[in-house]
Each structure stands twice: as structure tokens, then as C-alpha cells.
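Protein chains get the first letters and strands the later ones, always in sequence-line order, with residue 1 at the start of each.
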There are 2 protein chains.
Amino acid sequence: MLKQNILIFGHKNPDTDSICSSILKERLNKKKGIQESKAVRLGELNKETRYVLENLGIEIPEMIEKVEEAQKVILVDHNEFNQSVQGIEKSNILEVIDHHRIDDFRTEKPIYFTTKPYGCTATILYEEFKKCEVEIGKEEAMLMASCIISDTLLLKSPTTTEYDIKTLKELEKIANINIEEYGLKMLKAGTDLNDFSEEQLINIDSKNVGKGEIKYIIAQVNTVSIPDVLKRQENIEKAINNEIQKQGLSLFVLAITDILNCNSEIIALGSRVDVIEKGFGVKLENNRTFLEGVVSRKKQLLPQIDKYI
Amino acid sequence: MLKQNILIFGHKNPDTDSICSSILKERLNKKKGIQESKAVRLGELNKETRYVLENLGIEIPEMIEKVEEAQKVILVDHNEFNQSVQGIEKSNILEVIDHHRIDDFRTEKPIYFTTKPYGCTATILYEEFKKCEVEIGKEEAMLMASCIISDTLLLKSPTTTEYDIKTLKELEKIANINIEEYGLKMLKAGTDLNDFSEEQLINIDSKNVGKGEIKYIIAQVNTVSIPDVLKRQENIEKAINNEIQKQGLSLFVLAITDILNCNSEIIALGSRVDVIEKGFGVKLENNRTFLEGVVSRKKQLLPQIDKYI
């Protein structure tokens, strides 16, 4: 890969917003005349994202493991270095577009950096396309809609903002499809966990978080049946305990999220499970607890855990 | 001050961009219907900024020392917590608009955060006014122009971007004045150092920077005559050494910047003056060195110092 290329990527363990926003940013750049930028990815595609790209006939971005010193990069859908590519500290970050909290990020020079508290990165990109007066084609509309559907669970997550709702309505018109129908198909495509080992399952969408010396992971899987996933609890716990030992973690939280009813069952292991009990006023039983109405890592899990850890 | 108010402020030791961008952001909010936000300041006005506000008949924003827990705030012209108000860590940061590098900044929640690598914050605010389709009146144009003139030394600093140049041209039309003439008057108003003690002089525009355990300060004064300032070198060094001891600094750099010829004389003291010698390939003599063409702390001093410290 040419060093003069600008590499655009989302976070490790990429989800639909990370992959599709990278592709969208590459397209926005091209439409603005910046030819040398290229969407790449930092990990395997999940089944939901695979469904989105296959459905649109869009090529899967190339995978990269690390970046060289001074490599020009654009980050979408993340800013924390511990969620980014190996070598990020010495890369040349040109721009960040994200909808997460800011942490573990720094640059030597001023750069373009935009975060907004929206439901997904693609909603910010929609505004960028509009601001640059760049046409949003049917394919782009489908990419953006897929990000919104994925990150907001079809506008049902508490992370949903008025901007996501308004944008999705606009996109539905451009794409000229039934969003509800497409969205459910897409979300369900992401919940088939059968050919994942437990090691893979806990890594499908896991985020490393650090606070001072304390490291922990919050992972999430979507499902249409929590009991189906819990059948594998014993082996899931083995996989989690392995990860805790390997990475020296204080806590590993796996949220098994019912995307139809919008609740989560939590499996928590590690020396600091007290944080879950304090943060949510619950008592873990068999290392588990049910959290009614909790679907968002960013808005519901992370702040409570961060507060008590 | 009411807690429900949103407080808008720039960095400690405020300069013209910090003060005027706070006022501009309050005005933008009001024009967008957000009534409860209020520009304040974190320190004494310098003479340049005083000239700007007096010339326009604009009231000086109230000074604050600290913010209460959960106080809603908007930061302009800075993001690093060590350059911000006391209590910032526990405040509720709603938004940041800035043109500096990002460092020592974190939030628990996603927020509105915009940095662009422009010459000053007001150029970003100009774009925000345009985007929101809010009228830029003569007074607003003068405030914006003053920020650009101050931070770019009338477009002569290497921090100047095409956006600042374009914006200043537009503002000149709106304000209907001779920018060159006004700008020189304004800059000169800021260079009168006579009634400052040496303790005050080194604090007129000083920025604390931290890297891990190492703390250092880069201060800057503008002048039309470097030799005039150097007459006070002995007492300036005493004041700097006091500051080093009091704050446990590894390095104190004072840049005495000739705004007419765009050069700086550096006075450097502390255990890590080697950084200046390595960073600029010079040898300090009598604790001083002349840096041809160096006028920008952000673009020329900070990156070189940061690299070698």
C-alpha cells in the first residue's frame, strides 16, 4: 500500500458504522477531488456488515494490521488510540469524524476533528455531504441508512437523536426502500452466532477501555434470543477468563442484547465485578444480571462503569 | 452566576481570540435562540484585547476563577484541561471550538467538538455563522477580524491559512474599514510593556504544557523593539527562575516576538534548555538565542520542544 495514500478506517472489531463510514468518507473525498484516499479496515467483518456490503455489491475494504510512521490517516467512528490501529501514535492523523466520547487521543499539531453526540458517524457524514453540496446517491444513502439502523437498532436505542431520525427519513426517500423491512433483515443477519466459537463470540464487538492503570473490556453481541446464547454460558465464561488473564484485565463485561425487545443480559467476570453491582444497583447471580431497557454500550454501560471503576 | 447558565470561555491568560471568540459564540447562540449562554474570561485582559473591546464599546466579560461540579461549559480557543478553568474535570462540557492540537482532554459522554487547523478560532466561528445562516454584523466582523489579526500577526505568521486570508477579506468588506491600518494600531496597542513588572510580563501570554511528568511553560510577548525588552533581561530571568521553582518546571521559554519583522529572541531557563538547543540547532548564549522567522508558538516552538523533551 502506497504511503502517500491517505488511509481511512474505523475501530478495531469493526461494525457496520466503522466500515460503511470509511467507505462513505472515501467517496466524499473523491467527490471533493481528493483522489488518493482509501477506506481500509482493522479486522474481520461481522455478519451484519457482510450482509450490507453483499446486498449493495460493494467490495470489502482491504484489511491492515498496522501503519508505518508518518502514514497519513483519517479516523472515523473512533478516536481512542487503544481502539485504533497499531502504530497510530506515530502516524500523521489528518482528520477524525466520530460520535463517541473523547479519550486517549492526542496530536502534536492542530487537525480537523469533529465529534457530535449523534447516534452514528454516518449521520455526521450525511451533514458533511450536504455541507459540501455533494450528491448522495442511492448506494450512499443505503450505506448511511445501514449505519443508522445498526448503531441505533432501528432508532430504538437511547443513543438515537433527532438528527438520526430526520436523516434516516431523508435517506429512505433517496434509497426508495422500506427501511423497517430492510433494517430488520439486516439486524437479524448480524445475530446468527452459530458458526462462532466462544472465543470469537466475545470478540465480535468488543471494546478495550482504559482508565489509568485499570484495563477492562465491554463486549456486546446482538441476538433475537437471549436464552439461546446463554446455553453457551459455561464456555463463554472460559473464553472470558482466558482473555482476562491474557490481557491483565480488571473486568470483562459481555452484553447479550435482545434487539427485538431492547434489553440486555450481562455476563461480568474479573476482580472488579463490584462495579456492575454498584453501577446498576443489582446483585450478580451466576455471574449474570438482566438489565431492562439497556442496549447501548456508549450511553448506558460505559458511563456507569466508568463512574465506579 | 446561575448554574443553569452555559459559560463560554477561552484559555487562561486570555488573548484576543479567546476573549472575542467567547463573545462571538455567545452571540451565535443567542441568534440561534439559545438565550442562557454567557461569555466569561479566565484572567486579566491584555492591552491588545482591551483596545479591541474599547474601540467597539463592548463590555468586558465577567471573570471567573473556577466552575462548580456539573456546570455547563463551552470551551473556545483551547481544549487542554491544564489551560482551562479550575474544576473543568467535573464540569459538563457541551462543546469545544478550537484551532489547537488536542491533548489532555477527555469526556465521559460524546459532545460537540470541532477543531480545524486554522489560524484562529474566529475563522471557524465565521464558518459556523455562515452555516447557521446567521447574519454577521459590523461589530461581529470587527471581533472576528481582530482575532485573525492577533493570532496571525496580520496574516504574516506561518499559522495563517487560506481560510483566514479569505475570511479576513470578507470581513473587511462587512466592517468597511482599512484592515491593515486598524490591525497595526491594534497590534501596537498590545506591545506597550512599560507598566508591567517582570512577573507580569512573563505571564501576559504564557501557556503551561505537560508531557507525562515533565511540566514546562512557553510564554510570549509581542514587541516592536526586541532590544527594549532585553534591557530588562536580568529581572526577567529572576522572575522566570521564581516561576520555575514555584511550579516545579523543567523549562521556561520566553519568546520575545518582533511583530514588525517577524522574528523572535528566546530566553530559556530550567534544567531542560538542551531541548531548545537540539530543537533549533542553536547554542544558547547568555540564556538567549535569536530565531529568525519564528513567530508562532503553536506551529514553530511547541512541536520542536515537544519532540525533544
Short N-O contact, B:Lys166 and B:Asp164, less than 4.0 angstrom: no
Side-chain heavy atoms of A:Met144 within contact of A:Thr167, under 4.5 Å: no
Nearest-0.5 Å distance, CD of residue B:Gln220 to CG of residue B:Leu254: 8.5 Å
Over all atoms of both residues, closest heavy-atom pair of A:Ser264 and A:Val294: OG-O, 2.6 Å
Nearest-0.5 Å distance that lies between atom NZ in A:Lys278 and atom CD1 in A:Ile309: 10.0 Å
SG-CG distance between B:Cys20 and B:Asp77, expressed to the nearest 0.5 angstrom: 10.5 Å
Those residues of residues 106-133 of chain A, ordered by number, that approach chain B below 4.5 Å (heavy atom to heavy atom): A:Arg106, A:Thr107, A:Glu108, A:Lys109, A:Pro110, A:Ile111, A:Tyr112, A:Phe113, A:Thr114, A:Thr115, A:Lys116, A:Pro117, A:Tyr118, A:Lys131
A:Lys156, NZ: over 12 other non-hydrogen atoms inside 6.0 angstrom: yes
Interatomic distance, B:Leu251 atom CG to B:Ile218 atom CD1 [nearest 0.5 angstrom]: 7.5 Å
Heavy-atom contacts under 4.5 Å, residues 88-105 of chain A to chain B: A:His99, A:His100, A:Arg101, A:Ile102, A:Asp103, A:Phe105
Audit row: A:Thr16, A:Thr49, side chain to side chain donor-acceptor pair (under 3.5 Å) steps and yes/no: CA-CA 5 Å; A:Thr16 298; A:Thr49 313; 2.9 Å; yes
Toward chain B: residues of residues 298-306 of chain A with heavy atoms under 4.5 Å: A:Lys298, A:Asp306
Interatomic distance, A:Thr152 atom OG1 to A:Leu155 atom CG [nearest 0.5 angstrom]: 4.5 Å
From A:Glu80, A:Gln247, A:Lys12, A:His11, residue fulfilling side-chain hydrogen bond (donor to acceptor under 3.5 Å, both in side chains) relative to A:Asn208: A:Gln247
Residues B:His78 and B:Ser84: side-chain donor-acceptor under 3.5 angstrom: yes
Residues in side-chain hydrogen bond (donor to acceptor under 3.5 Å, both in side chains) contact with A:Ser146, at least two apart in sequence or another chain: A:Tyr182
